[in-house]
Amino acid sequence: MLLARKSRGQGLNRYAVIGNPVAHSKSPDIHANFAKQTGEIVEYGRIFAPVDGFVQAIDAFILAGGHGLNITIPFKLQAYMLATRRSKRAEAAGAVNTLRFDCIDGRIDILGDNTDGIGLVTDVEMHSCVTCKGAHVLLLGAGGAARGVILPLLERRPRRLTIINRTAARTFELIERFTAFAQAVDCILEGGAPGVEHGVYDIIINATSSSLNGTVPVFAPASIYSNTLAYDMMYAAKPTVFMQHAARLGGRTSDGLGMLVRQAAESFFFWRGVRPNPTPVLTELRATLANC
Ligand code: ATR
């Protein structure tokens, strides 16, 4: 059993991203850049794990001296279950995208965090004239990606957070889960199926997976005005269909490449206690993506 392991290899510099598939992941490049920038000695690889072999892969990684992992599809929920301790934001997200393995009194402590939401919020706020505080925010989708960003969003104290989803029942579950927190920060938290939107929104976040199949989630066109930032958590070499749609309606747009780099920076900090500057890494990644 994983927790009973009392010894492991030397070296706390070993990190990786684990997923299935994982070959496409940009995390090794991002973290290599962070390491170079900060002077930290970090070795970061990719681990492909069979769908039913996540725990075994983690076990082997710890025994080989691994200190931290990024978790990608489809293992974020399993990582959540595996963690012996979790950050507040991981608890709220119900998913873990970052694990850290600490050796305490001869036992391995597995600490789980979720840096996706803070990555999103900081990236949204990098756009000119966008601040989440006091904003009217429309969140599209009610799956794991949406759930992961709600707490970090609410911590910025938006005035209103409307969540809409094709399947309304999933929205209601999220609202119930976060109502007390929204009340504590004086935010109106509401939602349901598309159609319950209220006027215009300053920020619209697409947390659905619809861009993957080239469709746009349903939302009221009147939600967008000239200063709306329509943010897709997905990214691609070209603007996603959601971004194209929002631009046609007169809004400003962003994809989620910045979120990817900023969540990685938070993971790096969680492991190393050193905060890298995501901006030059994002610029380089954007240029690479444009040339693909
Ligand atoms: P993830 O963990 O990536 O969020 P998920 O839990 O499968 O994945 O959730 C996917 C989200 O995208 C859901 O909100 C889903 O809507 P349903 O709950 O109704 O399934 C949403 N979604 C996927 N394809 C969509 C589409 N074509 N239009 C609108 N919403 C879509």
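Atoms within each ligand, like the ligands themselves, are counted from 1 in listed order. Everything numeric in this text was worked out from a predicted model, so none of it was measured. Below, each value reflects all heavy atoms present in this structure, side chains not excepted, and no hydrogens, waters or symmetry copies.
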Salt bridge check: are D109 and R85 linked by an N-O gap of less than 4.0 Å?
-> yes

Does R159 have any salt bridge (charged side-chain N to carboxylate O under 4.0 Å, His left out) partners at least two apart in sequence or in another chain, and if so, which?
-> none

Can you sort out the partners of H136 under ring pair (Phe, Tyr, Trp, His ring centres under 6.0 Å), two or more places apart, ordered by chain and number?
-> none

Taking the six-membered ring for Trp, are the ring centroids of H245 and F242 within less than 6.0 Å of each other?
-> no

Name the residues in contact with ligand 1, where contact means a heavy atom under 4.0 Å away: which are they?
-> G141, A142, G143, G144, A145, N165, R166, T167, R170, T208, S209, S210, T215, P217

Closest non-hydrogen atom pair, I58 against L99 = CD1-CD1, 3.9 Å

Under 3.5 Å, which donor-acceptor pairs do the side chains of residues 179-187 form with other protein atoms, sequence neighbours left out?
unit_1: T179; atom_1: OG1; unit_2: I175; atom_2: O; d: 2.5

